[in-house]
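Below is one structure, written out as structure tokens, with a few remarks after it.
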Amino acid sequence: MRVTTWNVNSLNARKARFIEWTCEASPDVICLQETKMKPEAFPYLELEGMGYESAHFGQGQWNGVAILSRVGITNVKVGLDGGDGSSEEARAISANCGGVSVVCVYVPNGRSLEDDHYRYKLEWLSKLKLHLEKNYRPDQDLVVAGDFNIAPTDLDVWSPEALIGCTHVSEPERDALRELCEFGLTDSLRKFYPQSGIYSWWDHRGGAFHKRQGMRIDYLLVSKSVESRLKWALIDRNARKGEKPSDHAPVTIEFSPPV
DNA sequence: ATGGTAGAGGATCTA
């Protein structure tokens with residue numbers, strides 16, 4: 001079973017690249033972030049033509065998350081427990097795909113350490129943990145995937161020195177991520193690649209990609225039962241090259257399916 | 001020169 005997470009930074013703008021990449025990589029499940037699409041605009045039929053059933057939580061201009069599956073999709077849940085209902089931003093969607101529980105998240109950016117959005121980010125992360133505790137058990141097949149907007153350690157950024165005092169690397173954010181993982185989740189990519197220099201996001205500005213100035217902020221956290229069946233993990237940097245790329249590369253894992 | 005780019009939407013806001 002192959003599962004991908006990809007912040008596409010507008011599904012409309014990424015349509016051609018998304019279709020090209022998906023046909024080539026052919027994941028069973030795809031978690032999308034930043035669809036930036038109204039609910040009624042989501043291309044359910046076109047995705048069905050590619051073999052994917054999908055569930056979308058969209059709000060238009062910003063945010064927007066979706067789960068695509070070609071192994072079935074049931075028990076779709078939109079948002080987080082403890083959220084504000086209809087006023088909640090479109091940052092989380094969950095479903096069961098072929099016997100595996102999948103949670104797709106787009107964690108708030110935080111903007112700066114002094115910004116209210118930074119406090120919102122930390123609160124959102126604690127709500128995500130409550131959401132996991134309420135809806136799942138650590139001993140089941142669970143994948144929590146998405147754009148976390150946190151670089152877990154200094155290994156995950158191009159220059160810790162250049163990022164002192166910035167969001168994505170602050171201790172409270174990293175603590176919140178560790179607390180989330182205490183539910184029983186492991187950073188799947190790090191099982192295969194312990195080294196530095198592996199990133200999933202590069203700023204569109206200043207030629208950051210070509211200068212290798214990136215961060216690893218997109219990942220798939222997996223429960224023990226999935227971890228024990230992992231075959232490989234990969235960040236496809238090629239998707240960040242060429243015409244009209246997203247600023248994020250897709251991250252994919254493959255594991256033996258449920259028995 | 002407090003800079004740069006991309007996306008949405010139609011002026012700025014977000015990242």
Side-chain angles (χ1 to χ4, degrees), chain A residues 5-21 30-43 46 56-66 79 84 87-93 104-125 128 145-152 156-159 161-170 172-174 176-177 199-219 235-251:
Chain A
T5 182
W6 196 3
N7 180 325
V8 288
N9 188 10
S10 168
L11 187 53
N12 267 334
R14 218 61 58 213
K15 194 138 199 193
R17 293 293 301 260
F18 169 78
I19 292 171
E20 179 196 29
W21 186 88
I30 308 176
C31 296
L32 297 180
Q33 300 86 38
E34 285 205 87
T35 60
K36 294 187 173 179
M37 191 173 266
K38 288 195 169 81
E40 61 270 25
F42 195 79
E46 195 171 347
H56 177 230
F57 180 21
Q59 67 179 72
Q61 195 170 11
W62 293 308
N63 310 315
V65 284
D84 303 314
S87 66
E88 181 177 352
E89 288 187 313
R91 293 183 177 276
I93 188 167
C104 168
V105 299
Y106 175 46
V107 176
N109 175 284
R111 297 177 192 162
S112 74
L113 301 189
E114 304 77 29
D115 202 299
D116 280 347
H117 205 256
Y118 178 73
R119 282 196 301 114
Y120 169 55
K121 180 181 196 174
L122 296 176
E123 284 162 13
W124 199 92
L125 286 162
L128 174 58
D147 175 1
F148 288 80
N149 272 315
I150 301 169
D156 300 299
V157 299
W158 64 279
S159 170
E161 296 74 25
L163 294 165
I164 290 170
C166 295
T167 59
H168 297 61
V169 298
S170 75
E173 294 166 74
R174 288 175 168 174
L177 179 63
Y199 312 128
S200 66
W201 172 85
W202 301 260
D203 203 318
H204 275 126
R205 294 167 285 191
F209 180 70
H210 301 287
K211 293 187 225 166
R212 301 183 181 275
Q213 298 179 345
M215 290 191 202
R216 195 175 67 90
I217 57 177
D218 306 86
Y219 23 87
I235 299 178
D236 187 1
R237 290 181 78 257
N238 291 322
R240 183 61 178 79
K241 301 174 182 173
E243 289 291 308
K244 277 179 82 71
S246 169
D247 44 354
H248 297 253
V251 189

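None of these values were measured; they are calculated from a predicted model. Numbers restart at 1 for each chain; the letters A, B, ... are given by sequence-line order, proteins then strands.
For the pair Gln213(A) (side chain) and Trp158(A) (backbone), a donor-acceptor distance under 3.5 Å is absent. Using modelled atom types, one side-chain atom of Arg14(A) and one backbone atom of Val8(A) make a donor-acceptor pair closer than 3.5 Å. Using a distance-only test at 3.5 Å, with no hydrogens or angles considered, no donor-acceptor pair links the side chain of Thr167(A) to the main chain of Gly110(A). Distance alone, capped at 3.5 Å, is enough to place a donor-acceptor pair between the Arg240(A) side chain and the Trp202(A) backbone.
To the nearest whole angstrom, the two P atoms, one in dA1(B) and one in dA11(B), are 31 Å apart. Look at the C1' atom in both dG9(B) and dC13(B): the space between them is 10 Å, to the nearest Å. Going from the P atom of dT14(B) to that of dG10(B) covers 15 Å, rounded to whole Å.
By the salt bridge (charged side-chain N to carboxylate O under 4.0 Å, His left out) test, Arg91(A) is found to be paired with Glu89(A), residues two or more places apart in sequence or in another chain being considered.
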Exercise for review: Would you give a per-nucleotide map of nucleotides 3-15 of chain B, 5' to 3', where B means the base has a protein non-hydrogen atom under 4.0 Å away, S means only the sugar-phosphate does, and - means neither?
Suggested key: --BSBSS---BSB

